[in-house]
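Computed from a prediction, not measured in an experiment: that's the story for all the values here.
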2 protein chains.
Amino acid sequence: MATIKDVARRAGVSTATVSAVMNDSAFVSPELRARVVSAIRELRYEPSLAARNLRRNRTQLIALAVADLSNPFYARIVWSAEAAVAAWGYSLVLFNSDEKPDTERRILSRIRTLGCDGMVLVPVGAANQYQPHEFDGIATVLLGRSIEGNSADTVTIDNREAGRQAADYLLDLGHRRIGSITGPMQLSTSKGRLDGMIEAMAARGLAPQPGHIRSGEFREEAAYSVARDMMGSPDRPTAIYVANGVMAIGVMRAVADLGLRCPQDISIASTDTVAGAGGLKPRLTRTEHPIADMTNEALRLLVDRIEERVSEPVRSIVFQPALIVGESCMPLRENAG
Amino acid sequence: MATIKDVARRAGVSTATVSAVMNDSAFVSPELRARVVSAIRELRYEPSLAARNLRRNRTQLIALAVADLSNPFYARIVWSAEAAVAAWGYSLVLFNSDEKPDTERRILSRIRTLGCDGMVLVPVGAANQYQPHEFDGIATVLLGRSIEGNSADTVTIDNREAGRQAADYLLDLGHRRIGSITGPMQLSTSKGRLDGMIEAMAARGLAPQPGHIRSGEFREEAAYSVARDMMGSPDRPTAIYVANGVMAIGVMRAVADLGLRCPQDISIASTDTVAGAGGLKPRLTRTEHPIADMTNEALRLLVDRIEERVSEPVRSIVFQPALIVGESCMPLRENAG
DNA sequence: TCCTGATAGCTAATCGTTTCGCTGAAGTCT
DNA sequence: AGACTTCAGCGAAACGATTAGCTATCAGGA
């Protein structure tokens, strides 16, 4: 591989002049410029990013660390993020923390080492696992989940509102014994969604039975076993609000395996987009969030920071969920109540 | 950000010693090592990859360029690849060519500029768009699709066999008028699968009707409209072999929208894992390939090349498909035949 | 003629590592 | 005791770019 020195020698100029030609960073006479350009072409010179990065302290790399790559929700984020990052002229380095705080820690250190210009992080730990200024050295946007008291920019959805919308829908259908299967309680998403649901019930003077509220990992298998347990008991709820898409699939599978029908025997509502939405039967009633918009917005904030068009100290953007009615819920029948 | 010099000063040693401790590249007495380690911890020192890369001419970056990030098949590959890449001590730079040769070209040049140590590529162009030694400068493994006459390592599945298996299954059920909806014919996957299907029919003295063989983009929408067209006509096939998962979803949707039932009115078989396999009803009969294994194998080959444990000039590994029987096919009934 | 200002292009420092080759102390052998 | 190894650890030269600051040239004005 030819270096800038080879080009300089060949063109009979200094490396500074070659650099000036490459970057248009200073005036170079037409004559010299022509010589440099042809030397570049002849030697097939490509500047070394490594050297340039070392000097400029920039890498053109943006890191994205998601919580669980096996979850279609995050796959969707990855898809949007790749497009957005490319459009801004950067490249995307992808990490999967697999919902493990330890893995996340290693990833964060790796991101620092790589010298990524910025990162979009879906944090997996509880708020107290991060220092308030944990991310100060590097442009950071938290996506989907927030960390209380942290100084990074944030893009989230209104989880409370999502829980409220779903619960209100079920309540309007006449359901009174509503359960919820939700994710780990230290996550802002799980907690917010559950709070919203409880709030909606409270607004009508109701409260879920203690055994009808369960939390577990944000995974299909976890939801499956919790659902089997909850639905197997005689005082099972008539409707369930499930906190995310893959869990909803697990719950539907559990319901089917127990010989129950959805929606006839049990109504299921959830939050967040669902795997294979095209083919899932019955189609899930759910609150969706605009994943692509959220991701684009997160990257806009990030690039803003990186390129130092900074304005306020901390910005946070909250997206509103929208209720999408499918076929997984029906009005409460007397015999099921 | 602390540098190696800061650490050296703080520990009262030379930068060479710090480097030796960081990389375990030379013996350092326990005493000095301890001092260095604590200096590193105190200063929160993280080596700069930019500098290291410049010196070593390595980036620890592996690029993955897939054909379509919106396709769950590739999302699954991304998931596996991230894990494998991390396990080998590299980081993953992700690109999406979106099935566009032009985008792919830009991606390849970007990968070169970034100085990635290697790349895994799912090529989107026809074989004649690549030069035989197109990828010679950089360690490369082609995944899923092959390029005839190219000198890069390759990991693929036996597409012919996949088409054959699916068609044989339908033939065994008594179907005779079998159609196929497949992807772009310049891709080795589309062509192989279709060839295998035709071969299986030929082995029983049959051939598909010309109008029953359609190809289009590997996307749900494309498949939907082709399927509506094909299934709307009175001499429609009694069974269809669909060349990939997202297309199968499109076909099922088209069938439902036409008021037909699967499998009673039409049997559907496909190749490749399917979105939301957990929830899709009826479950698709399909040939699957071991995506995780394929991806891991691709990365093993790649790292082999990068770290120059090279052996043969070109290696290619072919995985065999396995037929998974779902509920989307049934024996041919007289009235449908 | 001399001074000044403008400016094209060069020299060399710098970014943060790795690593070659060296030093000097300690150990080993005769 | 003297000669020879060993080897922990150091100093400094790379790696390939960018860029601050300098030099040499030239035009124009006094």
Expressed in angstrom and rounded to an integer, what is the separation of [X] atom [atom1] from [N] atom [atom2]?
{"X": "B:E31", "N": "D:dA8", "atom1": "CD", "atom2": "P", "value": "14 Å"}
{"X": "A:L114", "N": "C:dT17", "atom1": "CG", "atom2": "P", "value": "14 Å"}
{"X": "A:R58", "N": "D:dA17", "atom1": "CZ", "atom2": "P", "value": "19 Å"}
{"X": "A:R56", "N": "D:dA20", "atom1": "CZ", "atom2": "P", "value": "12 Å"}
{"X": "A:L32", "N": "D:dT25", "atom1": "CG", "atom2": "C1'", "value": "14 Å"}
{"X": "B:K5", "N": "D:dA12", "atom1": "NZ", "atom2": "C1'", "value": "11 Å"}
{"X": "A:L54", "N": "C:dC15", "atom1": "CG", "atom2": "P", "value": "9 Å"}
{"X": "B:I4", "N": "C:dT17", "atom1": "CD1", "atom2": "C1'", "value": "6 Å"}

Handout entry: Min side-chain heavy-atom separation B:D117-B:Y90 under 4.5 Å
Key = yes
Handout entry: Heavy-atom check, side chain of A:L187 versus side chain of A:F218, under 4.5 Å
Key = yes
Practice task
With the side chain of B:A51 defined as its heavy atoms from C-beta on, choose the nearest nucleotide among D:dC10, C:dT17, D:dG16.
Solution key: C:dT17
Exercise for the section: Choose from C:dT18, C:dA8, C:dT17 the nucleotide whose nearest atom is closest to any side-chain atom of A:S29. Expected result: C:dA8
Need one value for [X]: base, sugar-phosphate or nothing, where a base atom within 4.0 Å counts as base even if backbone is also close, heavy atoms only.
{"X": "A:N57", "value": "nothing"}
{"X": "A:V13", "value": "sugar-phosphate"}
{"X": "B:S19", "value": "base"}
{"X": "B:S25", "value": "nothing"}

With the threshold set at 4.0 Å, does a side-chain nitrogen-carboxylate oxygen contact exist between [X] and [Y]?
{"X": "A:D6", "Y": "A:R44", "value": "no"}
{"X": "A:E104", "Y": "A:K100", "value": "no"}
{"X": "A:E46", "Y": "B:R112", "value": "no"}

Exercise for the section: With DNA chain D as reference, determine whether A:A2 or B:P30 sits nearer its 5' end, using the nearest nucleotide of each. Expected result: B:P30
Exercise for the section: Mark yes or no for whether A:S48, through its side chain, and A:A51, through its backbone, hold a donor-acceptor pair below 3.5 Å. Expected result: yes
Practice task
Test for a donor-acceptor pair under 3.5 Å between the base of C:dT18 and the side chain of B:R55, counting only N and O atoms.
Solution key: yes
Problem - Closest heavy-atom pair and its distance - A:Q129, A:P101 - result: OE1-CB, 3.7 Å
Exercise for the section: Would you jot down, in residue-number order, the residues of residues 35-50 of chain B having a non-hydrogen atom under 4.0 Å from DNA chain D? Expected result: none
Practice task
Using a cut-off of strictly less than 4.0 Å, decide whether A:S14 has a side-chain nitrogen or oxygen near OP1 or OP2 of C:dG9.
Solution key: no
Exercise for the section: Look at B:N23 and C:dT18 and indicate whether a side-chain polar atom (N or O) is within less than 4.0 Å of OP1 or OP2. Expected result: yes
